[in-house]
Amino acid sequence: MRHEVPRSRPSRRITIVDVARHAAVSTKTVSRVLNGEPHVTDAVRDRVREAVRALDYHPNIMAQGLARQRSYLIGLVYENPSPSYGVDLQTGVLDRLRGERYRLVVLPVRSVTEHADEVVGLLRSAAIDGVVLAPPASDSRRILDELVGIGMPFARISPTRFDDIVPGVVVDDVSAAAEVASVVLAQGHRRIGIIKGDPTHAASSARMQGYADAFADAGATIDPALVVDGLFTFDSGFAAARRLLSGPERPTAILAQNDDMAVGALMAAREAGIDVPDDLSIVGFDDSEIARITWPRITTMRQPVFDMAVSATSLLLDQLSGAPVPATIAHEHRLIVRESIAPVPVARGSVAARQTIQHA
């Protein structure tokens with residue numbers, strides 16, 4: 001005998017009409033309260049909010065978007081292959097969107113430089129109201145010109161070019177890199193390897209300039225033979241460090257332009273039986289989670305990626321609401337000294353005795 005499984009009847013969706021009836025007000029008043037509009041008394045506003053809670057009402061964002069000719073979606077375009085960087089970007093945007101009607105559409109790109117036209121097409125077809133651009137998209141003239149041309153609001157994270165195109169959220173990569181290189185130089189290191197980031201990212205050249213400034217201030221020079229290209233990935237850092245450590249005169253310290261490459265260098269050192277930091281000091285950049293959970297923990301420069309994503313999202317939301325928007329929001333960097341750095345080994349350098357390092 002065949003038994004039919006009883007089907008539960010779907011519950012009816014609570015509408016703004018139900019909220020208005022429960023609060024004994026008009027639907028227009030409910031709409032004003034939900035949209036934060038003026039001309040509503042505190043008592044009425046409290047009554048509507050109580051009705052929303054009691055009925056567990058959730059506004060239909062799609063319907064609101066159709067009525068206002070908006071999708072209530074914002075995009076995030078980024079390329080950086082570092083998982084920690086991508087997570088910090090996304091969580092920063094999502095944190096700022098908490099309590100807002102807007103939702104996030106993540107648009108990762110393999111190579112902005114090679115596929116700028118595809119990114120433009122994607123932004124045109126994604127039905128988004130605005131977009132947050134992370135490097136190197138934030139420095140792509142092709143993308144920026146297109147967004148200006150179609151009138152799509154945007155906010156740039158870490159722009160290094162086209163200062164006339166605003167708004168943007170910045171951190172001083174040059175001075176940050178100079179500071180992190182200076183702490184290595186101050187420990188007596190002069191034979192210093194450098195693992196550069198992706199050459200299509202402006203941050204790579206900015207950080208290289210910062211290193212050069214620090215070397216000049218210390219009366220030292222960068223050895224071109226010890227400068228190796230990377231791609232901001234663990235694997236590229238591992239391969240680059242292998243090259244640096246396989247020569248007859250290996251470096252006593254390595255500056256990696258992000259933490260993923262720094263940890264790759266740490267793994268290469270372990271493979272070669274080189275102790276960190278007694279035989280080799282390693283520093284990174286970003287202060288991502290990977291720098292804090294490996295051992296020894298990585299000395300690095302804290303770049304507040306999460307906070308910068310929050311600020312960029314705020315800039316975008318202000319544009320969408322018609323609020324005044326500053327041209328630039330600047331964030332501070334901070335050096336974090338941990339266990340991956342020590343004075344140059346006495347047998348291989350000029351420092352006669354170890355100096356005390358205050359670890360973070």
Side-chain angles (χ1 to χ4, degrees), residues 175-197 207-208 210-223 225-228 230 234 237-303 333-360:
S175 66
E179 189 174 347
V180 78
S182 293
V183 76
V184 175
L185 290 159
Q187 296 302 311
H189 296 276
R190 290 299 181 268
R191 187 164 179 79
I192 300 173
I194 295 174
I195 304 177
K196 297 172 65 177
R207 292 172 191 175
M208 197 66 196
Y211 295 161
D213 291 347
F215 273 68
D217 289 344
T221 57
I222 294 175
D223 184 348
L226 296 180
V227 179
V228 184
F234 171 90
F238 181 80
R242 262 185 161 183
R243 288 177 56 190
L244 289 170
L245 299 176
S246 63
E249 288 293 326
R250 62 175 175 81
T252 63
I254 291 177
L255 298 172
Q257 289 195 347
N258 82 340
D259 293 333
D260 289 69
M261 295 192 300
V263 175
L266 175 63
M267 295 303 106
R270 285 181 179 170
E271 179 187 70
I274 298 170
D275 184 81
V276 177
D278 287 343
D279 298 320
L280 176 71
S281 291
I282 297 175
V283 301
F285 201 104
D286 286 341
D287 193 30
S288 56
E289 184 179 15
I290 194 172
R292 300 188 292 271
I293 63 175
T294 191
W295 187 260
R297 297 181 302 165
I298 301 296
T299 293
T300 186
M301 178 58 65
R302 177 171 293 169
Q303 180 182 213
H333 55 265
R334 183 160 71 92
L335 179 67
I336 308 295
V337 179
R338 298 193 178 104
E339 295 83 2
S340 69
I341 183 172
V344 64
V346 174
R348 302 190 61 200
S350 59
V351 176
R354 286 197 170 275
Q355 302 167 19
T356 301
I357 297 178
Q358 183 65 42
H359 293 295

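Computed over heavy atoms, backbone and side chain alike; hydrogens, waters and symmetry mates excluded.
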Checking [X] now: which residues fulfil side chain to side chain contact (heavy atoms under 4.5 Å, CB included) with it, not counting sequence neighbours?
X	value
A240	I195, V228
V227	I194, K196, M208, I222
D217	none
A176	F285, M301, H333

Distance in Å, [X] [atom1] paired with [Y] [atom2], rounded so as to fall on 0.5 Å steps:
X	Y	atom1	atom2	result
D287	T300	CG	OG1	5.5 Å
R207	S175	CZ	OG	11.5 Å
L266	R297	CG	CZ	13.5 Å
N258	I298	CG	CD1	11.0 Å
R292	D259	CZ	CG	8.5 Å
I192	Y211	CD1	OH	10.5 Å

Taking all non-hydrogen atoms of both residues into account, name the closest pair between [X] and [Y] and its distance.
X	Y	result
P251	L280	O-CD1, 3.5 Å
A214	A181	CB-CB, 3.8 Å
T299	I341	OG1-CG2, 3.1 Å
G193	L244	CA-CD1, 4.2 Å
R250	D279	NH1-O, 3.4 Å
A241	A268	CB-CB, 3.7 Å

Those residues that, when tested against [X], pass salt bridge (Lys or Arg N to Asp or Glu O under 4.0 Å) (two or more places apart):
X	value
D223	R191
R243	none
E271	R242

Which residues satisfy the side chain to side chain donor-acceptor pair (under 3.5 Å) test with R190, sequence neighbours excluded?
none
Checking side-chain contact (heavy atoms from CB on, under 4.5 Å) for the pair S281/H189: CA distance, chi angles, key distance, verdict?
CA-CA 9 Å; S281 291; H189 296 276; 3.4 Å; yes
